[in-house]
Amino acid sequence: MNYKNIFKKVKTYGFQKPLIVASGVIALLVLLQFIPFSSNAPDTETAALTNEAQNTTIAATETTDPPPEILTQTLVLNSREPRKLVIPEYIPPSQTEHPARWKDNAVKTNIPKGMAKIAIIIDDVGVNLSGAKEVIALPAPLTMALLPYADHVDTLAQDAKNAGHELMIHMPMEPMNPDLDTGPIVLKTGYTSQEFDSMLDKALKSFDGYVGLNNHMGSKLTQDPESMRRLMDRLYKEGMLFVDSRTIASSVAEKTANDFLVPNLARDVFLDDDPSAEAVHKSLMKVEQVARKYGSVVAIGHPKTETIEALKAWIPTLAEKNMVLVPVTALVTDPAAQNN
């Protein structure tokens, strides 16, 4: 055994051991830099950035209104109190931009002071030719509302005008009951703007000399704000008036007409919902009561036999009751004139 060599190796190893341990420790410390440790303490910078991003998102949501598909809707954000978003209605410019053409076709009347004024509109004129001729023969001025799709409607309109009556288009509109026959010219809630205008064009071109229109049926359409805005916008541009037949109590037609500066009025009494002679007589007595109380009244009847006979007997009695028959234009409310 070479003790000299053994002693040399042991001596060398003893010198190198501290170097090996030191190198291992250094390597371990380097590795620790790359090993993630979980901690319950928040990362302040990361939390701040996250909160800022959330706050920015909430602020952007609250200040961005939804698209105006509907007039009124409710927004609820982050369990806060709801706020009501109201889309403002369109109000047109001054009436002077669109002449009041209804005045050109209005029947001129001299109304004595202190007389109660009664406007009688006869709807559905034109479907029954003999009935149409009978109502045209009644004392003027009545207001004849002619259906735009009736046969010979232009001839009947001219005959009524020559007899001293005022003319309106009796515009078919969508009813609540989808089974009712509205005829080939009608305005419906589901129409596109083009379809709506096309139907209205057909009605407006059906005859001449009218002052505006009133609704035939329409219990569904006259409740629909969008449809009424379309209609009143067009009537405003045409310079025409509107009479709400009030086939349903929740109609928005009168309010919308006022918003769009369309001259308008609304029906007060139906003469012949019950077509019996006794019922029509009672309705005429109601017309007188309303006229005395308010100074004017708008009534709507139809070319039915009982209605025609009752009007023949009743109209000549008005003067002695301090009442006078007038066209609808004598009673119409003109929002443009009131704004001036």
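Only a predicted model underlies this, so the values are computations on that prediction, with no experimental measurement involved. What's counted below: heavy atoms across the whole structure, side chains too, no hydrogens, waters or symmetry copies.
- Rounding to the nearest 0.5 Å gives a distance of 4.5 Å between CG of D123 and NE2 of H302.
- For the pair L241 and M168, the minimum side-chain heavy-atom distance is below 4.5 Å.
- Connection of F270 to M176 is not established within any shared hydrophobic cluster, with ILVMFWY side chains joined at heavy-atom distances below 4.5 Å, either directly or through further cluster members.
- Here the shortest heavy-atom pairing between M217 and D181 reads CE-O, 3.3 Å.
- Expressed to the nearest 0.5 Å, how far CG of L187 lies from CZ of R230 amounts to 10.0 Å.
- From M144, atom CE reaches atom CD1 of I121 across 11.0 Å, with rounding to the nearest 0.5 Å.
- Pairs engaging residues 279-288 under the salt bridge (Lys or Arg N to Asp or Glu O under 4.0 Å) rule: E278-K282, E288-R292, E288-K321 [sequence neighbours left out].
- Under the 4.5 Å side-chain heavy-atom criterion for ILVMFWY residues, a single connected hydrophobic cluster contains both V186 and L235.
- Grouping the Ile, Leu, Val, Met, Phe, Trp and Tyr side chains by contacts below 4.5 angstrom, directly or via other members, places V107 apart from I111.
- Put simply, the side chain of R267 does not reach to within 4.5 Å of the side chain of D244, judged on heavy atoms.
- Looking at residues two or more places apart in sequence or on another chain, you find no side chain to side chain contact (heavy atoms under 4.5 Å, CB included) involving D208.
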Requested in this report: Check the pair E195, K188 against salt bridge (Lys or Arg N to Asp or Glu O under 4.0 Å), reporting the backbone distance first and the verdict last.
Outcome: CA-CA 9 Å; E195 290 170 329; K188 292 188 176 182; over 6 Å; no

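- Heavy-atom minimum distance, T182 versus P172: O-CB, 3.5 Å.
- Here the side chains of L284 and H281 are not in contact, with every heavy-atom distance at 4.5 Å or above.
- Interatomic distance, CE of M232 versus OG1 of T256, reported as 6.0 Å (0.5 Å rounding).
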Requested in this report: Could you give me the CA-CA distance, side-chain angles and deciding distance for N162 and Q158, then say whether side-chain hydrogen bond (donor to acceptor under 3.5 Å, both in side chains) is met?
Outcome: CA-CA 6 Å; N162 292 341; Q158 189 59 53; 3.0 Å; yes

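- Between K237 and D233 there is a salt bridge, since a side-chain N of the basic residue sits under 4.0 Å from a carboxylate O of the acidic one.
- Annotation: K205, atom NZ; neighbour count of heavy atoms from other residues, nucleotides and ligands within 6.0 Å does not exceed 12.
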Query raised in the report: Step by step, would you call N258 with N264 a side chain to side chain contact (heavy atoms under 4.5 Å, CB included)?
Result: CA-CA 8 Å; N258 286 329; N264 68 92; 2.9 Å; yes

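- Here the closest heavy-atom approach between residue V297 and residue A291 is recorded as CG1-CB, 3.9 Å.
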Query - Verdict with supporting geometry, T189 and D224, side-chain hydrogen bond (donor to acceptor under 3.5 Å, both in side chains) - result: CA-CA 7 Å; T189 55; D224 182 58; 5.7 Å; no

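- Heavy atoms only, all atoms of each residue included: V135 and H165 are closest at O-NE2, 3.9 Å.
- Annotation: the span from N214 atom CG to H170 atom NE2 amounts to 5.5 Å, rounded to 0.5 Å.
- The shortest side-chain heavy-atom distance between L204 and R234 falls under the 4.5 Å cut-off.
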Requested in this report: Check step by step if side chain to side chain contact (heavy atoms under 4.5 Å, CB included) holds for V125 and L142.
Outcome: CA-CA 12 Å; V125 175; L142 298 173; over 6 Å; no

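- A continuous path of ILVMFWY side-chain contacts below 4.5 Å connects V262 to F196, so both sit in one hydrophobic cluster.
- The side-chain heavy atoms of I122 and P303, taken from C-beta on, include a pair separated by under 4.5 Å.
- W314 places a side-chain heavy atom less than 4.5 Å from the side chain of I120.
- Of all the heavy atoms in A163 and A140, the pair that sits closest is O-CB, 3.4 Å.
- When all heavy atoms of E166 and A106 are compared, the closest pair comes out as OE2-CA, 3.3 Å.
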Requested in this report: Given side chain to side chain contact (heavy atoms under 4.5 Å, CB included), test N105 with L167 step by step and report yes or no.
Outcome: CA-CA 8 Å; N105 294 324; L167 306 181; over 6 Å; no

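- The structure places CG of D268 at 11.5 Å from NZ of K293, a figure rounded to the nearest 0.5 Å.
- Contact check for T143 versus T329: no side-chain heavy atoms found under the 4.5 Å cut-off.
- Side-chain N or O atoms of N215 include none that pairs as donor or acceptor with a backbone N or O of G218 at under 3.5 Å.
- Connection of Y149 to L180 is not established within any shared hydrophobic cluster, with ILVMFWY side chains joined at heavy-atom distances below 4.5 Å, either directly or through further cluster members.
- A donor-acceptor contact under 3.5 angstrom links the side chains of T307 and D272, judged on distance only.
- Annotation: side chain of L221 is in contact with side chain of M228 (closest heavy-atom distance under 4.5 Å).
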